[in-house]
Amino acid sequence: MTDVLSGNTALRVAPLGSALPHIEADRLRAFAIMGAKGSNRAPNIPTTAEQGMPGLDFTLWYAVWGPKGLPDSEADRLNAAVQTLARDPNTRARIADQGAEPVAEDRAAFARFVDAGSERNARIAQVAGIQPE
């Protein structure tokens, strides 16, 4: 971010939350949101699809992970706590203020999301000729 702001680099893909203060201060120009939908926090920034690049979707996301072999009962308890937190209006407001959107999914929906992303990234790597090391 420092290099873009100082003019050493022309372009950067950055999480909206870290770029927003610079965008709002008119020190940084946002070209597009790299997600399927725009941000309520930055409604004037078009999506990549709206800019003519449909399918260019690299949304930043965070998750809570546990160790392999975590008992289902513990994983379910943790997931329930995360879902409760993600539905809390104060938490939602704080997350939205950062340009993000909390999502409260069950474990099966999250697993499908991760699998779909892994498959998409594997296709991208194959097309680009990227080999795992």
Side-chain angles (χ1 to χ4, degrees):
M1 186 67 72
T2 302
D3 281 338
V4 173
L5 292 169
S6 66
N8 292 326
T9 302
L11 184 68
R12 179 175 194 270
V13 174
L16 185 58
S18 64
L20 270 173
H22 304 292
I23 295 166
E24 291 168 342
D26 205 26
R27 291 188 303 260
L28 190 66
R29 179 177 172 203
F31 292 102
I33 301 283
M34 293 184 73
K37 64 181 191 173
S39 168
N40 290 336
R41 182 69 166 75
N44 294 329
I45 302 173
T47 65
T48 48
E50 292 168 333
Q51 293 283 54
M53 299 172 279
L56 183 58
D57 181 359
F58 286 97
T59 304
L60 177 66
W61 56 271
Y62 298 94
V64 177
W65 300 89
K68 185 175 182 174
L70 183 69
D72 283 344
S73 61
E74 289 299 309
D76 289 340
R77 188 172 68 82
L78 181 59
N79 182 256
V82 169
Q83 286 190 40
T84 298
L85 187 61
R87 289 185 181 108
D88 174 73
N90 292 329
T91 301
R92 293 185 70 78
R94 290 186 73 183
I95 292 171
D97 191 49
Q98 296 297 311
E101 178 183 342
V103 177
E105 295 183 329
D106 62 34
R107 292 173 51 213
F110 178 65
R112 288 190 300 275
F113 170 79
V114 171
D115 289 345
S118 295
E119 289 172 12
R120 182 195 70 206
N121 292 338
R123 285 192 307 272
I124 291 169
Q126 182 181 23
V127 168
I130 298 170
Q131 297 296 318
E133 294 182 13

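Note that these values count all heavy atoms, side chains included, but never hydrogens, waters or copies made by symmetry. From a predicted model like this one, the values you see are computed outputs, not experimental measurements.
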(message) For residues 84-97, which residue pairs pass the salt bridge (Lys or Arg N to Asp or Glu O under 4.0 Å) check, not counting sequence neighbours?
(response)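 For residues 84-97: Arg41-Asp97.
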(request) State, to 0.1 Å, how close Thr59 and Gly35 come at their nearest heavy-atom pair, and which atoms those are. (result)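 So the two residues come closest at OG1-CA, 3.4 Å.
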(request) Work out which heavy atom in Ser18 is nearest to a heavy atom in Pro21; give both atom names and the distance. (result)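 Shortest heavy-atom separation between Ser18 and Pro21 comes out as O-CD, 3.7 Å.
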Calculate, to the nearest 0.5 Å, the distance between atoms [atom1] and [atom2] belonging to [X] and [Y] respectively.
{"X": "Phe58", "Y": "Asn121", "atom1": "CZ", "atom2": "CG", "result": "6.0 Å"}
{"X": "Ser39", "Y": "Leu16", "atom1": "OG", "atom2": "CG", "result": "5.0 Å"}
{"X": "Ile23", "Y": "Leu28", "atom1": "CD1", "atom2": "CG", "result": "5.5 Å"}
{"X": "Thr9", "Y": "Met1", "atom1": "OG1", "atom2": "CE", "result": "11.0 Å"}
{"X": "Ser73", "Y": "Leu78", "atom1": "OG", "atom2": "CG", "result": "11.5 Å"}
{"X": "Leu60", "Y": "Met34", "atom1": "CG", "atom2": "CE", "result": "11.0 Å"}

(message) Between Arg12 and Asp3, does any side-chain N to carboxylate O distance fall below 4.0 Å?
(response)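 No, this pair does not count.
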(message) Any salt bridge linking Glu101 with Lys37? Criterion: basic side-chain nitrogen under 4.0 Å from a carboxylate oxygen.
(response)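 Answer for the salt bridge query: yes.
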(request) Please test Gln98 against Leu20 for side-chain contact (heavy atoms from CB on, under 4.5 Å), starting from the C-alpha separation and ending with a verdict. (result) CA-CA 8 Å; Gln98 296 297 311; Leu20 270 173; over 6 Å; no
(request) Flag yes if more than 12 heavy atoms outside Arg77 fall under 6.0 Å of its CZ atom; otherwise flag no. (result) no
(message) With a 6.0 Å cut-off (strictly less than), is the heavy-atom count around CG of Asn8, excluding the residue itself, greater than 12?
(response) yes
(message) For Phe31, is there any backbone N or O sitting under 3.5 Å from a side-chain donor or acceptor partner on Gln51?
(response) yes
(message) Looking at Glu74 and Pro71, would you say the former's side chain and the latter's main chain have a donor-acceptor pair under 3.5 Å?
(response) no
(message) Under 4.5 Å between side-chain heavy atoms, counting indirect links through other Ile/Leu/Val/Met/Phe/Trp/Tyr residues: same cluster for Ile45 and Leu11 or not?
(response)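 No, it is not one cluster - the side chains of Ile45 and Leu11 are not joined through contacts under 4.5 Å.
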(message) Would a single hydrophobic cluster contain both Ile95 and Trp61, if residues Ile, Leu, Val, Met, Phe, Trp and Tyr are joined by side-chain heavy-atom contacts under 4.5 Å?
(response)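 No, because Trp61 and Ile95 fall into different hydrophobic clusters, even though each may have its own neighbours under 4.5 Å.
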(message) Let's go through Phe110 and Asn79 carefully: what are the C-alpha distance in whole Å and the side-chain angles of both, what is the deciding distance for side-chain contact (heavy atoms from CB on, under 4.5 Å) to 0.1 Å, and is it a yes or a no?
(response) CA-CA 10 Å; Phe110 178 65; Asn79 182 256; over 6 Å; no
